[in-house]
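Inspection log for the structure reproduced underneath, given as structure tokens.
Along the sequence shown, residues carry numbers from 1.
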Amino acid sequence: MAGVQVGKRIIGADAPVTVGWENIPRVEGGPIKRFVFSYFQPAMLFAAILFWYYAPNWLAVASTGIAIRLGWTVLLLALEWINPRHRSWQLTWKEGVTDAFYVGLGMTFIGMVESYIGDGAIIGAVQDAFDWKKFDWFTGLPLLVQAVIISMIFDFGQYWMHRAMHNWHPLWLTHAPHHYITQLNVQKGAVGNPVELFLIGLGIGGLFDFLPRAFLLAGAIGMTVGAYQHINVRFNVPRWWRFIFNTTEHHSVHHSQDYEATRSNYSGTWIIWDRIFGTCVDGEAEVLGMEGGRRMHLGETMVFPFREGWRDGKAWVARKFGGKAPAAGALEPAE
């Protein structure tokens with residue numbers, strides 16, 4: 001497989017990847033269907049911004065965000081059946097039950113841990129550490145401008161965290177299980193080892209508990225756009241949207257079975273970070289996963305970083321102090 005050259009890299013040499021927006025299939029059907037699936041994402045983003053902009057303080061809280069997200073998830077699941085991107089990604093009962101477990105894990109155990117050492121604690125520390133009067137110049141900016149800047153700053157951190165997970169072996173061990181998913185569905189973002197889910201999730205959730213209102217808007221932007229990373233819906237995304245924001249197409253390339261393709265599109269919300277740092281690949285992939293599409297079972301996902309880390313540690317000790325080195329983990333993340 002020859003692949004396609006993107007910058008200095010060859011994309012699609014190991015597994016099929018469609019490179020270039022002009023080569024991606026479009027939504028088929030009547031004018032109403034094409035209109036809906038062209039402007040659904042921007043409409044939902046603008047609706048979220050309007051809500052968090054005008055909602056009274058008693059309503060603009062984390063519990064409201066959770067309720068909205070649950071209802072929205074049901075809507076997106078319905079869209080997956082109405083207009084699937086790939087039939088091969090269609091949700092089965094087995095995938096659905098597994099996804100539900102990871103979602104529950106994230107809302108209970110991981111949520112409890114984050115309340116002590118996660119984004120909530122970080123937000124609290126930020127609130128206590130700064131003299132906010134020094135930021136009067138910032139709070140004097142238009143509210144939406146503040147929200148966009150905050151969102152971009154948080155996503156900048158997430159970009160480098162995600163990129164580090166593909167470039168530093170200890171972090172890769174936590175992230176690798178997430179790359180064993182073989183399809184994208186609404187809840188696939190919750191699938192992975194708890195350590196990785198904690199690390200990659202730092203930032204956005206706590207914004208919903210952090211007034212002033214600009215932080216609420218920033219959280220709404222991140223969560224609204226981020227929901228489309230893992231979704232089996234065919235959209236005709238507008239050109240401006242796919243240039244600015246991360247999309248299902250971008251994230252499917254990141255989950256491809258092609259090695260070079262996985263080393264792209266690290267952003268959570270703003271794909272422009274990838275464009276700036278030369279890691280953006282516009283396109284899409286249907287064939288996802290690792291090891292030829294092997295599905296990692298739940299138990300292996302829970303122990304993978306610790307098991308592989310133990311094996312790698314023993315291999316390092318054996319190399320350092322002589323003797324025959326045991327086989328190290330087979331997965332290599334990065335350069």
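The number of heavy-atom neighbours closer than 6.0 Å to CH2 of Trp310, taken from other residues, nucleotides and ligands shown, is 12 or below. Counting non-hydrogen atoms of other residues, nucleotides and ligands closer than 6.0 Å to CZ of Phe277 gives a total above 12. Other residues, nucleotides and ligands contribute only 12 or fewer heavy atoms inside 6.0 Å of the CH2 atom of Trp93. The local environment of CZ in Arg239 is sparse, with at most 12 non-hydrogen atoms from other residues, nucleotides or ligands closer than 6.0 Å. Under a cut-off of 6.0 angstrom, the local environment of CZ in Phe51 is crowded, with over 12 non-hydrogen atoms contributed by other residues, nucleotides or ligands.
Counted by atom type alone, Trp241 and Thr247 present zero donor-acceptor pairs between their side chains at under 3.5 Å.
Between the Asn23 side chain and the Thr18 main chain, no donor and acceptor come within less than 3.5 Å of each other. No side-chain donor-acceptor contact under 3.5 Å links Glu300 to the backbone of Met302. For Glu260 (side chain) and Ile11 (main-chain N/O), no donor-acceptor pair under 3.5 Å exists by modelled atom type. Of the possible polar contacts, none joining the Asn265 side chain to the His251 backbone as a donor-acceptor pair under 3.5 Å is found. When atom types are taken as modelled, the side chain of Gln187 and the backbone of Ala100 share no donor-acceptor pair closer than 3.5 angstrom. In this structure, the side chain of Arg275 engages the main chain of Phe243 through a donor-acceptor pair within 3.5 Å. Between the side chain of Arg9 and the main chain of Arg263, a donor-acceptor pair closer than 3.5 Å is present. Checked by atom type and distance alone, the side chain of Ser252 pairs as donor or acceptor with a backbone atom of Ala285 at under 3.5 Å.
For the atom pair CZ (Phe46) and OG1 (Thr224), the distance works out to 11.5 Å, reported to the nearest 0.5 Å. Residue Leu144 holds its CG atom at 9.5 Å from CD of Gln146, rounded to the nearest 0.5 Å. Between Asp282 atom CG and Ile24 atom CD1 the span is 7.5 Å, to the nearest 0.5 Å. Distance CH2/Trp172 to NE2/His179: 5.0 Å, rounded to 0.5 Å. Interatomic distance, Ile82 CD1 to Lys33 NZ, rounded to the nearest 0.5 Å: 9.0 Å. Between the CE atom in Met161 and the CH2 atom in Trp168 there is a gap of 10.0 Å [rounded to 0.5 Å].
Note: His166 and His162 have tilted aromatic rings, judged against thresholds of 30 and 60 degrees for the angle between ring planes. Ring geometry for Trp316 against Phe321 counts as perpendicular: the plane angle is over 60°, on a 0 to 90° scale with 30° as the lower cut.
Cluster annotation: Leu75 is connected to Val27 through the hydrophobic network of ILVMFWY side chains, with a link wherever side-chain heavy atoms come within less than 4.5 Å. In the hydrophobic clustering of ILVMFWY residues, with side-chain heavy atoms under 4.5 Å counting as a link, Tyr54 and Leu217 come out together. In the hydrophobic clustering of ILVMFWY residues, with side-chain heavy atoms under 4.5 Å counting as a link, Phe35 and Phe37 come out apart. Hydrophobic clustering (ILVMFWY, side-chain heavy atoms < 4.5 Å, transitive): Tyr39 and Leu79 are in distinct clusters. Val287 and Val253 fall into different hydrophobic clusters, defined by Ile, Leu, Val, Met, Phe, Trp and Tyr side-chain heavy atoms under 4.5 Å apart, directly or through other members.
Residues Pro84 and Trp89 are not in side-chain contact: their nearest non-hydrogen atoms beyond the backbone lie 4.5 Å or more apart. Between Thr64 and Trp52 there is a side-chain heavy-atom pair separated by less than 4.5 Å. Thr73 places none of its side-chain heavy atoms less than 4.5 Å from the side chain of Leu70. Within the 4.5 Å cutoff, no side-chain heavy atoms of Asp155 are placed close to those of Asn246. With a 4.5 Å cut-off on side-chain heavy atoms, Leu298 and Tyr102 count as touching. At least one side-chain heavy atom of His178 sits under 4.5 Å from a side-chain heavy atom of Glu196. Within the 4.5 Å cutoff, the side chain of Ile221 has heavy atoms near those of the Ser151 side chain. At least one side-chain heavy atom of Leu91 sits under 4.5 Å from a side-chain heavy atom of Asp99.
We find that Asp274 and Arg163 are not joined by a salt bridge, their nearest charged nitrogen and carboxylate oxygen being 4.0 Å or further apart. Note on Glu28 versus Arg234: no salt bridge recorded, every NZ/NE/NH1/NH2 to OD/OE distance being 4.0 Å or above.
The minimum heavy-atom distance linking Ala214 with Ile150 is given by the pair CB-CD1, 3.9 Å. Closest approach of Ser38 and Arg34 over heavy atoms only: OG-O, 2.6 Å. For the pair Gln257 and Gly289, the tightest heavy-atom approach, listed with the atom from each and the gap, is CG-O, 3.2 Å. Taking both residues in full, the closest heavy atoms of Leu216 and Ala60 are given as CD1-CB, 3.6 Å, listed atom of the first, atom of the second, then distance. Closest approach of Leu76 and Ala227 over heavy atoms only: CD1-CB, 4.3 Å. Contact detail for Gln90 and Asn232: the closest heavy-atom pair is N-ND2, 3.7 Å.
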* Asked: Hey, mind stepping through His255 and Gln229 against side chain to side chain contact (heavy atoms under 4.5 Å, CB included) and telling me if it holds?
  -> CA-CA 11 Å; His255 276 279; Gln229 285 188 26; over 6 Å; no
* Asked: Given the rule in the side chain to side chain contact (heavy atoms under 4.5 Å, CB included) test, do Val148 and Val145 qualify, once you have shown the distances and angles that lead to the verdict?
  -> CA-CA 5 Å; Val148 169; Val145 173; 5.9 Å; no
* To do: May I have the step-by-step check of side chain to side chain contact (heavy atoms under 4.5 Å, CB included) for Lys188 and Leu288, ending in yes or no?
  => CA-CA 12 Å; Lys188 282 296 187 290; Leu288 312 182; over 6 Å; no
* To do: Report the C-alpha separation of Thr269 and Phe154 in whole Å, then their side-chain angles, then the decisive distance to 0.1 Å, and conclude whether the side chain to side chain contact (heavy atoms under 4.5 Å, CB included) test is met.
  => CA-CA 10 Å; Thr269 303; Phe154 272 83; over 6 Å; no
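Checked against the 6.0 Å centroid criterion, the rings of Trp72 and Tyr228 qualify as a close aromatic pair. Here the two rings, on His254 and His250, have centers that are 6.0 Å apart or farther.
Just one of Asn185, Ile231, Val186, Val233 meets the side-chain contact (heavy atoms from CB on, under 4.5 Å) condition when paired with Leu77; it is Val186. Shown are Tyr266, Tyr159, Phe156, Phe245; of these, the ring pair (Phe, Tyr, Trp, His ring centres under 6.0 Å) with Trp273 is made only by Phe156.
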